[in-house]
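Every heavy atom of this structure was used, including side-chain atoms; hydrogens, water molecules and symmetry mates were not. Sequence lines set the chain letters: A, B, ... in the order given, protein chains first and strands last, and positions in each chain run from 1.
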Amino acid sequence: MQDYNYSKIEKKWQDIWDEKQTFAAKNDYTLPKFYGLVEFPYPSGQGLHVGHPRSYTAIDIVSRKKRLEGYNVLYPMGWDAFGLPTENFAIKNHIHPSIVTENNIANFKRQLKALGFSFDWSREVNTTDPSYYKWTQWIFLQLYKKGLAYKSKMNVNWCTSCKCVLANEEVVNGVCERCGSEVVHKEKSQWMLKITDYAEKLLDGLDNVDFIDRVKTQQRNWIGRSYGTQVTFGTTIGDNIEIFTTRADTLFGATYMVMSPEHPLLEKWADKIGNLDEVKAYQETAAKKSDFERTELAKDKTGVKLEGVLAINPVNNTEIPIFISDYVLISYGTGAIMAVPAHDTRDWDFAKKFNLPIIEVVAGGEDVQKQAFTDCATGVLVNSDFLNGLSVEDAKVKIQEWLTEKGIGSVKTNYKLRDWVFSRQRYWGEPIPMVYCEKCGYVPLDESELPLVLPNVDSYEPTDNGESPLAKMTDWVNTTCPHCGAPAKRETDTMPQWAGSSWYFLRYCDPHNDKELASKEALEYWCPIDWYNGGMEHTTLHLLYSRFWHKFLYDIGAVTSPEPYAKRTSHGMILGENGEKMSKSRGNVVNPDEIIENYGADTMRVYEMFIGDFEKAAPWSQSSIKGSKRFLDKVWSLADTMTDEDIIRPEIEAEFHRTIKKVTEDIEGLKMNTAIAALMSLLNTISATGKITKAEYKIFITLLNPFAPHITEELWEICGFDGMLNETAWPKFDEAKCVDKNVEIVVQINGKIRARLNVPADISSADAILLAKDNDNVKNEIDGKNIIKELYVPKKLVNIVVK
RNA sequence: GCGGGUGUGGCGGAAUUGGCAGACGCACUAGCCUUAGGAGCUAGCGCUUACGCGUGCAGGUUCAAGUCCUGUCACCCGCACCA
């Protein structure tokens, strides 16, 4: 037989698949379906990273197996192509972003095709295509109509390098998640999406989906629901202050109050505050701090006491001082708290620093003068009038009833989640389809005007004054009001990159529809996505945003499933050979093109699946790839030893069935590494016999096909098997045949191995023990001792306990 | 600080969930083959000269512990003054 010429074979089959549209999903909605999805890439100038194929190969394997099992499979691919790197590259090199995008996509596509993924290329989508972003804009209009998109002047995160606002989700450790530059706060008018309205649904929906736990936990923490009480405190100057607390039971222990420096009441009270200068100075310092500084300085408490105004604790009418301090955040709760230093660590720190009284109201801990007692489970209420003697739980209920009755408190649920800042001051994004009219305010474009196409211009540099580059394009900006016809201006901010990716999986269902984002029939059939694999870094960004949009689309009847993804898994990163993250600057980047050239796509696929636990990070190893190549070489040369026998030989039948079982189950469990190990083991067993039968070879290469599709398809053809491998059926195993007739068991004396025996698999417990005791080694060990216990674990071991 | 996770040979990693620790692969060693080897084949490969000892460390439960319990250490990831 000829040599294993992977380059030639891989090209050959890729061309055949292309030509025959082998992997195009069928529009026959009566078939059982499987919708597998991986995150579509951002087509960067660097080309494909070896990390991309880890995820793509895994779901490709699942998809290929599902096809052999008879499913109508949709495994699509597309391009998340709007975004800053393209725009920056375009500016630097004076090439239009659309050309840069086109080139990058061509390169990515070539690389993906070279890896033999079974994507349905007829459904390719591109977020920068007007026929696609027409529907992104349409969704925005629907959000606007339902009051979920609004423009608001607010303090936003501003990246000093990108010259652009960022969503809270995009700020990591106080710096920009994309470029690592400092993020400062800036007052700006921005389009916002009310994701907070969906906090409850986003949380509750997690109970009904099959996401790996760390994804659920991370989303739950990010949404951050807490149940508590909102309480109204009076003041000595008439106004009331609302506070939120989860520990209403400790109300009698409130010895002061803290307001956030940004609290609106401070402005109202300007003429009543005795030390206004001091307060203003503190407000200014707080405002100047970047997010990074603010977290850095988090340990040390600072603050200013307001002179001339005191708060009144509603439970006992005690007058208590009010402070402002930046440890209270304007963005959470009501922006003001009651401080109970005896039972809250932060309040305790502050009280110590400012020498404020600490009153114990929950007994059961250490001395509250020495440290705060925060345990809710064991304490008993003291110094709290009608709450005395109650447990924390009971006291919470009682005080809530009391407050509600008096009309000064109510049960409240709070979330950490904040609304989504949706404007970006950049060129390369979807235009927001809104017009500003002096008379009518913001007016949405009529749906018939969509898509609102991005103007094609020469200059799209960001401006230093924080305005979008589109603002300079007056021809485009100046328009008429859709409502009254008067001269008006278009919104010049664009949407964030997360917009296009928040619904792309819906478009794959019906990608060429120009009447709606996808037809109901297509959505009903394909959704929800059966399996979505992607990176953990998207858990609180893309994954949360797209769930929000999907739930909204569900509520307005545009989609038919309440959740977009039935199942979510996540892959670990592929690290450089030195165990560090791959990056140009570290010089440890592996180029997939080189691997394909030197070892072939099949080897690359097998290697990436064999590299380790799919969910964990794994370092690349140039020498380990050879193992995968050797494995495929051996599979190839096995063809020479094939006999015409159409049977599985009895002596290896059990291992065969076990391997079918293992590979079948491991693919479903994403344990690709052990599936491949099982195939290697079986190959070793077969090789040792010096030949392989036709029936055995058929099964073997079918099992290997999802992992190494080109070589197996070629071998199928060379061996003259019927049709094409991708049209055959996935092998079935027989549970009864998975067990060998004879098994080796070990004999332990007091838990130590003393002998090994070959016994029939169905031997009785008594017979096994008898047989064990008949062994010479065993006889020596138990001779003259008392047998205390004898155990037989079927097919495993005999243990004899002696004294 | 809170939440999640991980510690197993020289390396990547297995272990049917309490039942032979180290599957499978890499690297390595020896031999064969070869003009040659970054090729192939065969054998070996946790530690220890041994008795034995071994899954981060210390205890415990059990006939039996990588797996369960208690304590402890280290590292990774996420959130971080969220009231």
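- Taking atom CH2 on A:Trp348 and atom C1' on B:C81, their separation rounds to 16 Å, with Å as the unit.
- Atom name P, nucleotides B:A36 and B:G31: the rounded distance is 15 Å, in whole Å.
- A salt bridge links A:Arg220 and A:Asp207; the closest N-O separation between the charged side-chain nitrogens and carboxylate oxygens is under 4.0 Å.
- Against the 90° criterion about 0, the sugar-base torsion of B:U17 places it in the syn range.
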Between the protein and nucleotides 45-54 of chain B, list the N/O to N/O atom pairs that are separated by less than 3.5 angstrom.
none

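- For an aromatic pair to be called close, the ring centres must be under 6.0 Å apart, and A:Phe350 with A:Phe323 satisfies this.
- Within 3.5 Å, a donor on the side chain of A:Lys301 pairs with an acceptor on the base of B:C81, or the reverse.
- Residues A:Thr685 and A:Glu655 bring a donor and an acceptor atom of their side chains to less than 3.5 Å of each other.
- The salt bridge (Lys or Arg N to Asp or Glu O under 4.0 Å) analysis of residues 751-769 of chain A, with sequence neighbours excluded, yields the pairs A:Glu744-A:Arg756, A:Arg754-A:Glu781.
- Here A:Glu39 does not pair with A:Arg54 in a salt bridge; the nearest charged N to carboxylate O distance is not below 4.0 Å.
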- Task: Classify every nucleotide of nucleotides 18-41 of chain B by which part a protein heavy atom approaches to under 4.0 Å, writing B for the base, S for the sugar-phosphate alone and - for neither, in 5'-to-3' order.
- Result: -BBS-BBSSS------------S-
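- No contact: A:Asn414 has no heavy atom under 4.0 Å from any strand.
- Not counting sequence neighbours, the partners of A:Gln2 by the side-chain contact (heavy atoms from CB on, under 4.5 Å) test are A:Trp636, A:Glu714, A:Ile718.
- For the contact set between residues 222-233 of chain A and RNA chain B, defined by any heavy atom under 4.0 Å, the members are A:Trp222, A:Ser226.
- One C1' atom belongs to B:A14, the other to B:A21, and the distance between them is 10 Å to the nearest Å.
- For the pair A:Leu544 CG and B:C79 P, the interatomic distance rounds to 13 Å; values are reported in whole Å.
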- The dot-bracket string of RNA chain B, counting Watson-Crick and G-U wobble pairs with both distances under 3.5 Å, using [ ] for crossing pairs and | for pairs to another strand, is (((((((..(((......[....))).(((((.......))))).((....))..(((((..]....))))))))))))....
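- Backbone-only contact: A:Ala617 has heavy atoms under 4.0 Å from sugar-phosphate atoms and none from a base.
- Taking the C1' atoms as reference points, B:U29 lies 16 Å from B:G46, given to the whole Å.
- Look at B:G38: its glycosidic torsion is beyond 90° from 0, and that puts it in the anti range.
- Comparing A:Ile337 and A:Gln218 by the nucleotide of RNA chain B whose heavy atom lies nearest to each, the residue mapping closer to the 5' end is A:Gln218.
- Looking at residues two or more places apart in sequence or on another chain, you find a side chain to side chain donor-acceptor pair (under 3.5 Å) between A:Asp633 and A:Lys629.
- What you find for A:Ser325 and A:Pro261 is that their closest heavy atoms are O-CD, 3.3 Å.
- Listed by chain and number, the residues in a side-chain contact (heavy atoms from CB on, under 4.5 Å) with A:Ala167 are A:Glu169, A:Glu170, A:Trp420, A:Arg424, A:Tyr545 (sequence neighbours excluded).
- Residues satisfying the side-chain contact (heavy atoms from CB on, under 4.5 Å) criterion with A:Asn742, sequence neighbours excluded, are A:Asn758, A:Pro760.
- As rounded to the nearest Å, B:G13 and B:C69 have C1' atoms that lie 28 Å from one another.
- For A:Thr674, the side-chain contact (heavy atoms from CB on, under 4.5 Å) partners two or more places apart in sequence, or in a different chain, are A:Lys662, A:Asp666, A:Lys671.
- Listed by chain and number, the residues in a side chain to side chain donor-acceptor pair (under 3.5 Å) with A:Lys789 amount to none (sequence neighbours excluded).
- Rounded to whole angstrom, the span from the OH atom of A:Tyr256 across to the C1' atom of B:A83 amounts to 11 Å.
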Considering only distance and modelled atom types, tabulate donor-acceptor pairs under 3.5 Å from the side chains of residues 240-248 of chain A, sequence neighbours left out.
from: A:Glu242; atom 1: OE1; to: A:Gln230; atom 2: NE2; distance (Å): 3.2
from: A:Glu242; atom 1: OE1; to: A:Thr232; atom 2: OG1; distance (Å): 3.3
from: A:Glu242; atom 1: OE2; to: A:Thr232; atom 2: OG1; distance (Å): 3.0
from: A:Thr245; atom 1: OG1; to: A:Arg247; atom 2: N; distance (Å): 2.8
from: A:Arg247; atom 1: NE; to: A:Asp249; atom 2: OD1; distance (Å): 3.1
from: A:Arg247; atom 1: NE; to: A:Asp249; atom 2: OD2; distance (Å): 3.3
from: A:Arg247; atom 1: NH2; to: A:Asp249; atom 2: OD2; distance (Å): 3.0

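- A residue-by-residue look at A:Val801 and A:Thr334 shows that A:Val801 has its nearest nucleotide of RNA chain B further toward the 5' end.
- A side-chain donor from one of A:Thr302 and A:Tyr282 sits under 3.5 Å from a side-chain acceptor of the other.
- Put simply, CD on A:Glu177 is 12 Å from P on B:G78, counting in whole angstrom units.
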- Task: In sequence, state the C-alpha distance, the side-chain angles, and the governing distance for A:Asn168 and A:Asn157, and then conclude on side-chain hydrogen bond (donor to acceptor under 3.5 Å, both in side chains).
- Result: CA-CA 7 Å; A:Asn168 299 315; A:Asn157 308 297; 3.1 Å; yes
